[in-house]
Asker: 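A single structure is presented below for examination.
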Amino acid sequence: MKIVPLPAERARQEEKARSLKRLAKAYNICLLGLSIAAIACLIGVLVAVIMLETGERSAARDTLLYILAGSFAGGAVLFAGGAVLFGRCSNEATRTYRDFCERCHGEQCFYVGEGTIAEFTEDALLIRGETGGKPIRVPYADIRFHSVCTRRKPQEKGTWSVVLEMPAHYVMKRGDAPRALIEADGKERLYQTLEAHGLVLRGEQPPRGQACKNVRFKPRTKFLLPDGEKRRRSLIVAGAGALLTAGGALLAVFLRDYMLVGVILSVFGVFLAGRSLFAFVRAKGVLALYEEGIYWQESGRPEADRFFLKWTELVRVKTETIAEKQYIAAECEYGSYHIPDVAGAYEFIRAFRPALVQEA
């Protein structure tokens, strides 16, 4: 993350913040445009290939279609690569903008939610809205600070943050939870602030600027939990896509006046069938156990619904019944992660890491 110098004048600070926000938006627009262009090129490749297999064959026509297919394929690769690059630039620009806005409020101010700032003072944390309002004062004695590395894959690399645990009545007007958790991005300025106030940071410690080599872990065993309902839906949609593909191909071959319509239907059918078959393969939960930790991937869900926890992060593992369903609860100091109790998984954990297992 780039650290942008903070101008002394408030007007210049606001102007610079607007400039950084515009840059982040520009990267996002480029990302969206390149993604759409890559998808359009892929569709172009499919259309060119289908047209090669249909219609009257001639050397000139075939040569043109081969050129078009190659050009579309090259464009798809080029635009996809550009989208990845601009995606990274967008993330970096957004982090830089947020850090600059934090420092506009103060060197010891940090976002702990959308539009919410936490400021470290001499003896307490002040939580307030970004645009003002009466702050909530939480004494440091009532707060525990946890260092957390969120890992979406079974590997060493992850995203660092600091979780602030405090009595719920400070930030929640109602609710049964005794403790509330708020999160701030892990950054050197925050770690230095905690040290300056003599506050203890619990848990796995961040690398603090040191180069951290990424290591991918190898599983000891895996447990699969197939999702029957999602798989049935995927097969039905895949069948519909196959019928659409066949119907479009027949239309393009036997009714020349409707060849373009048939090609479009076939392309859509191929896309629908391929996407559904991919969803069928992903329609299963995966619980994997490693020498280093435990990994759970939700059935067919995006990256946000998967996590990897090191054994050193856990204080205990036990089984819990929630809404008449059995779960494995992996408990950390700051909270619990619930994993469906796949047959044989808890028994393996009990034999593999007996010191962590707590029987009901």
Side-chain angles (χ1 to χ4, degrees), residues 146-161 163 181 183 186 202-207 211-235 237-238 274-360:
H146 302 277
S147 175
V148 178
C149 183
T150 302
R151 296 177 173 92
R152 301 299 182 189
K153 297 179 181 179
Q155 61 185 21
E156 189 65 40
K157 186 178 179 181
T159 302
W160 290 91
S161 63
V163 173
L181 302 174
E183 187 177 27
R202 302 164 177 265
E204 183 181 1
Q205 297 301 302
C212 181
K213 184 180 179 180
N214 190 29
V215 178
R216 296 184 182 275
F217 306 134
K218 296 181 179 180
R220 288 284 300 271
T221 188
K222 288 185 178 182
F223 298 89
L224 303 180
L225 185 63
D227 191 326
E229 184 178 350
K230 286 184 179 179
R231 287 191 164 184
R232 283 192 295 273
R233 288 202 303 265
S234 297
L235 286 177
V237 176
R275 186 176 183 277
S276 299
L277 291 175
F278 180 71
F280 175 86
V281 174
R282 289 175 57 90
K284 62 180 182 296
V286 179
L287 172 60
L289 300 173
Y290 296 73
E291 193 68 39
E292 296 80 5
I294 183 171
Y295 173 74
W296 169 250
Q297 176 182 316
E298 190 74 27
S299 167
R301 295 298 184 91
E303 189 172 323
D305 290 310
R306 62 181 70 175
F307 57 82
F308 178 83
L309 300 171
K310 286 188 173 182
W311 298 116
T312 52
E313 297 180 64
L314 303 180
V315 293
R316 70 178 60 86
V317 178
K318 62 180 183 179
T319 56
E320 286 186 4
T321 302
I322 303 175
E324 299 183 355
K325 292 185 179 180
Q326 190 83 352
Y327 291 89
I328 298 173
E331 294 188 359
C332 304
E333 279 196 356
Y334 54 87
S336 299
Y337 293 81
H338 289 87
I339 303 167
D341 189 6
V342 187
Y346 184 70
E347 290 73 18
F348 188 93
I349 296 173
R350 184 167 51 194
F352 189 48
R353 286 290 186 272
L356 288 173
V357 172
Q358 175 180 308
E359 297 293 347

Asker: Mind listing the closest non-hydrogen atom pair of L289 and A345 along with its distance?
Answerer: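 Heavy atoms only, the tightest pair is CD1-O, 4.4 Å.
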Asker: Return the CG to CZ distance between L235 and F280, rounded to the nearest 0.5 Å.
Answerer: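 Rounded to the nearest 0.5 Å, the CG-CZ separation comes out at 5.0 Å.
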Asker: So E331 and E320, do their side chains get closer than 4.5 Å, heavy atoms only?
Answerer: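 Yes, at least one pair of side-chain atoms sits under 4.5 Å.
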Asker: What is the distance from atom CZ of R233 to atom CG of D227, rounded to the nearest 0.5 Å?
Answerer: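 The CG atom of D227 is 7.0 Å from CZ of R233, to the nearest 0.5 Å.
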Asker: Roughly how far, to the nearest 0.5 Å, is CD1 of I339 from CZ of F307?
Answerer: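 With rounding to 0.5 Å, CZ (F307) is 4.0 Å from CD1 (I339).
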Asker: What's the shortest heavy-atom distance between L224 and V342, and which atoms?
Answerer: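 Scanning both residues, the minimum pair turns out to be O-CG1, 3.8 Å.
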Asker: Rounded to the nearest 0.5 Å, what's the gap from OG1 on T150 to CZ on F308? Could you check?
Answerer: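 Going from the OG1 atom of T150 to the CZ atom of F308 covers 13.0 Å.
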Asker: Would the distance check show the side chain of R152 and the main-chain N or O of R306 forming a donor-acceptor pair, the cut-off being under 3.5 Å?
Answerer: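 Side chain of R152 to backbone of R306, a donor-acceptor pair under 3.5 Å: yes, one is there.
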Asker: What's the spacing between W160 CH2 and Q205 CD if we round to 0.5 Å?
Answerer: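 It comes to 7.5 Å.
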Asker: May I have the step-by-step check of side chain to side chain contact (heavy atoms under 4.5 Å, CB included) for V357 and Y346, ending in yes or no?
Answerer: CA-CA 9 Å; V357 172; Y346 184 70; 3.0 Å; yes
Asker: For L314 and I294, work out which heavy atoms get closest and say how close.
Answerer: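 L314 and I294 have their closest heavy atoms at CD1-CG2, 4.4 Å.
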Asker: Is the side chain of W311 donor-acceptor paired with the backbone N or O of Y290 at a distance under 3.5 Å, no angle test?
Answerer: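 Confirmed, W311 side chain pairs with Y290 backbone.
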Asker: Which heavy atom in G158 sits nearest to a heavy atom in C149, and how many Å separate them?
Answerer: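 Answer, listing the atom of G158 first, then C149: CA-SG, 3.6 Å.
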Asker: Donor-acceptor check, side chain of R151 to backbone of E156, threshold 3.5 angstrom: yes or no?
Answerer: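 Checked: pair present.
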Asker: Applying side-chain hydrogen bond (donor to acceptor under 3.5 Å, both in side chains), can you list everything that pairs with R275, at least two apart in sequence or on another chain?
Answerer: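 Expected list: none.
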Asker: Mind checking what makes ring-ring contact (aromatic ring centres under 6.0 Å, His included) contact with Y295, not counting sequence neighbours?
Answerer: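 For Y295, no residue satisfies ring-ring contact (aromatic ring centres under 6.0 Å, His included) once neighbours in sequence are set aside.
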Asker: Quick check: closest heavy atoms across E324 and T321, and the distance to 0.1 Å?
Answerer: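 Nearest heavy atoms, E324 then T321: CA-CG2, 3.9 Å.
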Asker: For N214 and K157, work out which heavy atoms get closest and say how close.
Answerer: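 Shortest heavy-atom separation between N214 and K157 comes out as OD1-N, 2.8 Å.
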Asker: Between atom NE2 of H338 and atom CD of Q326, what is the distance when rounded to the nearest 0.5 Å?
Answerer: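 Between H338 NE2 and Q326 CD, I get 10.5 Å after rounding to 0.5 Å.
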Asker: With sequence neighbours excluded, tell me which residues meet ring-ring contact (aromatic ring centres under 6.0 Å, His included) with F348.
Answerer: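 Partners of F348 under the ring-ring contact (aromatic ring centres under 6.0 Å, His included) test: F352.
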Asker: Just by distance, do the side chain of S147 and the backbone of E204 share a donor-acceptor pair under 3.5 Å?
Answerer: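 Such a contact is found between S147 side chain and E204 backbone.
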Asker: Any side-chain hydrogen bond (donor to acceptor under 3.5 Å, both in side chains) involving residues 215-226? Give me the pairs, sequence neighbours left out, ordered by first then second residue.
Answerer: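 Output for this query lists Q155-R216, R220-E291.
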Asker: Test of understanding: with side-chain hydrogen bond (donor to acceptor under 3.5 Å, both in side chains), list the residues that count as partners of Y334, not counting sequence neighbours.
Answerer: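 Checked Y334 against side-chain hydrogen bond (donor to acceptor under 3.5 Å, both in side chains); matches are Y337.
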Asker: Among residues at least two apart in sequence or on other chains, which ones pass side-chain hydrogen bond (donor to acceptor under 3.5 Å, both in side chains) with T312?
Answerer: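 Here no residue qualifies.
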